[in-house]
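As structure tokens, the structure follows; a few thoughts come after it.
The basis for the numbers below is simple: all heavy atoms, side chains too, and nothing from hydrogens, waters or symmetry mates. Letters A, B, ... are given to chains in the order of the sequence lines, protein chains preceding strands, and every chain is numbered from 1.
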Amino acid sequence: MENLIALLIAAPLLGAAVLLVGGRRLDAVGHWIGTLLSAASFVIGLVLFAGLLGRDAGSRTLIQHLFSWIPVAGFQADVTFRLDQLSMTFVLLITGVGSLIHLYSVGYMEHDERRRRFFGYLNLFLAAMLLLVLADNYLLLYVGWEGVGLASYLLIGFWQHKPSAATAAKKAFLVNRVGDMGLSIAIMLMFTTFGSFAFGPVFSHVGDTSQGKLTAIALMLLLAACGKSAQVPLQSWLGDAMEGPTPVSALIHAATMVTAGVYLIVRSGAVFNAAPDAQLAVTVVGAVTLLFGAIVGCAKDDIKKALAGSTMSQIGYMVLAAGLGPIGYVFAIMHLVTHGFFKAGLFLGAGSVMHGMNDEVDMRRYGGLRKYMPVTFITFGLGYLAIIGFPGLSGFFSKDKIIEAAFAKGGTEGWILGGAALLGAAITAFYMTRVMLMTFFGEERWRNQPTRSPEAPSAEPAAEHRGEHAEPHPHESPKVMTIPMIVLAVGSVFGGAFFSIGDRFLHWLEPVTGHSEGNSPVSAWTVTGATMVCLVVGVAIAWAQYGRKPVPAVAPRGSLLTRAARRDLLQDDFNHVVLVRGGEHLTRSLVYVDHTLVDGVVNGTAAGFGGLSGRLRRVQNGFARSYAVSMFGGAALLVAATLLMRAV
Amino acid sequence: MSFPLLTVTAALPALGAVATAAVPAARRTAAKWLALVVSLATLALAITVLVRFDPGGARYQLTESHAWIADFGVRYELGVDGIGVALVALTALLIPFIILAGWHDADPLETGSRRWRPTQGFFALILAVEAMVVLSFEATDVFLFYIFFEAMLIPMYFLIGGFGDRAHEHGEETASTQRSYAAVKFLLYNLVGGLIMLAAVIGLYVVAGNFSLQEIAHARATGSLHMATSTERWLFLGFFFAFAVKAPLWPLHTWLPNAMQESTAPVAVLITAVVDKVGTFAMLRFCLGLFPEASKWATPVILVLALISILYGALLAVGQRDIKRLVAYASISHFGFIIMGIFAMTSQGQSGATLYMVNHGLSTAALLLVVGFLISRRGSRLIADYGGVQKVAPVLAGTFLIGGLATLSLPGLAPFVSEFLVLVGTFTRYPAIGIVATLGIVLAALYVLVLYQRTMTGPVKPQVSAMPDLRVRELVVVAPLIALLIFLGVYPKPVTDIVNPAVKQTMSDVHKKDPKPEVEAAK
């Protein structure tokens, strides 16, 4: 059965190759090839899943060794895959949600002349992500890791003719590379410490080395995770990544990419468990990011950017949980899966709204859309209820568990982390209610606004191509788009309950991640109660601001915090001043130094020995050849002289 | 006597050069085809060498040895080890692509032009360079090596000075002046390096009494040839200086951007992907092989210079406005990695460095040849003159991106394997240097992606709007290189199998063992 593992990756990889090399001949069918191969991978995943379920909980790890990749003395990197409960969970999420997004894109990208290439990139994205979660050693994981970075680069910058898209793509790749640096240093540290970077040998020898080494490795892994999962301080690429077509956002935010960091931490649990300082750093990063993302999400008027803030925040929850150790690993992954459902659904819903609204993204120009897009409204609404943690829906179960686990960490840390998570829940309820109200309720603010102001062009340039600048006529999207939304909505509603009742998910994942209960200072019911209070408060404030009174079509100036949040809490301003400007000055002065100083000194030194500069001038006047001849003459003389010396 | 395969592999392009030059002026196209056929036949010979080479066998294989200048102890001695055989194969592989990519680079400017554009000469010179480079990789006699190491400067000089890009922003007059400046700078730097090396070669002869690499290395290993510490260090420095100019290592690098900027893209590939490799190759073979103690003595300084090269080259690449200069500085950064890998003196570092030489040849060729196609369409080397090319020429843009991704060592492509090996091999012995060098991977992403963004994305500039996509000849050049980059990224084993034994021998030359991991987990 393990021989099937490679096929999981091979199917979408083949799709990517065929679609990207195949050329225009495949334009007519390319999108179906891509969707089918993605679905094929999902089916193989289901077969393997059934196979795993048929085994004992203790023997659900399958290893497939393909070939020796980099064999160099003392250094052994193999192409070996590991399928266990953790990677299986990811495989199903990636291929399942990924296939739905493929299907949705068939409709969404219908009018794009480069649709074939889009599907090629989507397939590449899936293949890279599958490689990442199936690799049995860190170096192979690194290949998938950067492959995901490449695919996101290609997809975020898919509309390359827009400078903003090209810039956003480059930024995403660069910020990710900073994280990648962490991963490569972590691998090098593992190699010097353990002589290996394969999961088995590393995890089984964690006890044989010092805590300092392990902390260093774990912190480098955290740096890597921060890049891929858009955690503070490497979060700045995520908001800009909205430049990509909306299905890409769904893919990046739900099934792939940003979940990779959480995977890395949970997979490396053995290392983190032995490095408490690093774990503390993980929880701090998670807690800061969950608040950071939530605050940014409150201030954005662009529906996709509001959702992007939300993703950052939700991934923050997962990272926080992953930092808690065995108390939190299972819940980090459970929230990751349920989030995969509702966030994909929300993004696809947002895309559907934009599709019906001439690709408008500004929620201040929405309003009252529930009448015109009933399916989108209902599916989006269910996703909304799930993400805020409405009792009984997916987010309720998974987020509640994380908040409980945070308190269960104990001590002052537990109170702080738990408090942050609770506060985050309130803010989540606020900003998501705000999105919901501004989009589907209230006045129809899109009426009498026929043309878009040229200063604020839409993120989706397709509209410009289609020449749709007339007053929007909101309409429901075609079936090929709404069906994936409905499926995801079902997952958003029932996923959490299905996983939690009887602790199904816990029992499934426990053999890989381990689990401990911790001892919480507050009871589970108290936590649930407090979460509910937070939820109600958040919703109420949003209702008071955006439901009871009309939403102004132009954003009010807002408080200092609001203005900062609109600018992503000044992260880009900071990066610009410190890194971009500083870097520009550095490279410019180095170019000058190289041209005058280094070149000059070396030439000058040489001139000091042989009067070269004078000759250079002569040469430039046309004596080059004679000069070359004379040089060789000199060399020949030298040889002759030594020959003579030898004779004497 | 067995068939002199190594001699023939070098003699064929040498004879081909003469024959190509002798083709009458009117039969220009015939000369091109002749050169291409010769280069392909040389490739076939190189593959034969590769197949006949037994990685598990003696250190030097397919050896040939003849007395040459008996009085002087100079012998005609050839032989290849795993490192040499890999580089001979790389050279022979790249030359056909270089010829094909430069197919029209030496055509007369316009028909009936009075100006002499020696088409035949262009291709003859390329073959001449090939012959000498191959012989440098094969020579196991120090003096013989020196001759070819120096002699290749002559054809290179004429290739740089005689053939530039078609159009030039400052007009043909300025272009020609700048070209000869670049050519002379190239020549002078390398000649000065070569002359210092010559002194060291003679010094070595005075000490050792012969020029045979194997004999001297053997005598040194067995202790029958004693060398005073200071003598060894001086000789080492003499050799190393020449190789550091050629490689080139900071701060001796400034000739490279000039030379690559002014020459046509195929010649630039010849410089950086082929000729410069002789420098790094010779560090491994001669510096480490002949002067192990001095090599270890100089290691700290060389590693720091290599580290400076890596970061300095990358930072300067970020600041360039000229595409070819950008690639030149990127190469300086990459040579820093190669030299760092050699002098880290670990198996991973040296295997990585050797692999890096091969992979850098492929990746630079892929990127730079596409750059050449791009420049030939627009007639400008300035980044600012491009924009939105991917919209009008998507295949060109795609191949450009893959070449760029190889240059930034994306995992899955060949350069990643070698770069990571170099980093890890350095890290095990010198953690601080290894970590700082890792910054290079971020900077590489910066210069590649900024270049791609400025030239290929954004709105289509009017001057590029009529740009044709890649032609069949151009695709034939690029596609195999890309295929190789992917293949060796996924399955580098064929190369590592050849290289590993040679690296093991080099490691024993310098009496170095790999640092042991703290925990013997793998065992």
Side-chain angles (χ1 to χ4, degrees), chain A residues 67-68 70-76 139 142-143 146-147 150 157 160-161 163 166-167 170 173-174 177-178 180-181 184-185 187-188 191-196 201-202 204-205 208-209 213 586-588 590-591 594 598-599 601-602 606 612 616 619-620 624 627-628 631 635 638 642-643 646-647, chain B residues 71-72 150 157 161 177 180-181 183-184 187-188 191-192 195 198 202 251-252 254 312 315-316 318-319 347-348 351 388 390-391 405 410-412 417 420-421 423-424 427-428 434-435 438-439 441-442 445-446 449-450 453 457-459 491-493 496 500 504 514-515 517-522:
Chain A
F67 57 88
S68 169
I70 312 178
V72 165
F75 183 98
Q76 187 65 39
L139 200 65
Y142 191 26
V143 177
E146 284 232 340
L150 169 68
Q160 287 188 329
H161 53 274
T167 307
K170 179 190 71 187
F173 195 95
L174 281 176
R177 266 252 153 160
V178 176
D180 298 348
M181 213 181 110
S184 43
I185 294 174
I187 297 174
M188 297 194 287
F191 182 70
T192 51
T193 310
F194 304 109
S196 173
V202 170
S204 57
H205 288 80
D208 301 340
T209 184
K213 276 264 172 67
L586 179 65
T587 52
R588 257 187 232 146
L590 273 182
V591 169
D594 193 58
V598 179
D599 201 22
V601 167
V602 176
L612 288 182
L616 256 173
V619 161
Q620 272 180 288
Y627 184 68
M631 276 300 252
L638 261 174
T642 40
L643 269 170
R646 175 77 189 155
Chain B
D71 293 339
F72 200 22
E150 286 296 87
Y157 167 79
T177 318
S180 38
Y181 174 75
V184 170
L187 191 65
L188 288 187
L191 271 182
V192 168
L195 284 178
L198 179 62
I202 292 160
L252 304 170
T254 54
Y312 185 90
L315 280 169
L316 273 148
V318 174
S347 309
Q348 300 91 37
S351 288
Q390 69 86 25
K391 188 93 177 160
L405 292 173
L410 186 86
V417 176
F420 196 82
L421 281 172
L423 282 172
V424 96
F427 185 84
T428 52
I435 287 178
T438 316
L439 278 174
I441 69 171
V442 178
L446 187 61
L449 295 185
V450 167
Q453 185 188 358
T457 72
Y491 196 61
K493 196 164 175 289
T496 52
N500 284 342
K504 200 172 164 199
D514 289 331
E518 193 186 313
V519 184
E520 286 281 332

One option among B/Leu446, B/Thr496, B/Leu316 has the most heavy-atom pairs under 4.5 Å with chain A, and it is B/Leu316
Shortest non-hydrogen contact from A/Met188 to B/Gly434?
-> CE-O, 4.3 Å
Mind checking whether A/Ser184 and B/Leu423 have side chains closer than 4.5 Å, heavy atoms only?
-> no
Which one of B/Val318, B/Leu252, B/Val417, B/Asp514 has the most heavy-atom pairs closer than 4.5 Å to chain A?
-> B/Val417
Heavy-atom check, side chain of B/Thr457 versus side chain of A/Lys170, under 4.5 Å = no
Under 4.5 Å from a heavy atom of chain A, the part of B/Leu439 involved = both
Which portion of B/Pro515 sits near chain A, non-hydrogen atoms under 4.5 angstrom | neither
Interchain contact, A/Ser204 with chain B, by part (heavy-atom threshold 4.5 Å) | neither
Could you tell me which of A/Leu174, A/Ile187, A/Asp180 has the largest number of non-hydrogen atom pairs under 4.5 Å with chain B?
-> A/Leu174
For residues B/Pro411 and A/Tyr142, report the shortest heavy-atom separation together with the two atoms involved.
-> CG-O, 4.1 Å
Nearest 0.5 Å, what's the CE-CD1 distance between A/Met181 and B/Ile441?
-> 7.0 Å
Does any heavy atom of chain B fall under 4.5 Å from the side chain of A/Leu590, the backbone, both, or neither of them?
-> both
Under a 4.5 Å heavy-atom cutoff, which of A/Gly157, A/Ser68, A/Pro71 has the most pairs with chain B?
-> A/Pro71
How far apart are the closest heavy atoms of B/Leu315 and A/Thr587, and which atoms are they?
-> O-CG2, 3.3 Å
Structural part of B/Ser351 lying under 4.5 Å from a heavy atom of chain A | side chain
What residues, two or more places apart in sequence or in another chain, satisfy ring-ring contact (aromatic ring centres under 6.0 Å, His included) together with A/Phe75?
-> A/Phe191, A/Phe197
Under 3.5 Å: donor-acceptor pair, side chain of B/Gln348, backbone of A/Ala73 | yes
Any idea which of B/Ser347, B/Gly458, B/Pro492 has the most non-hydrogen atom pairs under 4.5 angstrom with chain A?
-> B/Gly458
For B/Lys504, all residues meeting side chain to side chain contact (heavy atoms under 4.5 Å, CB included), sequence neighbours excluded | none
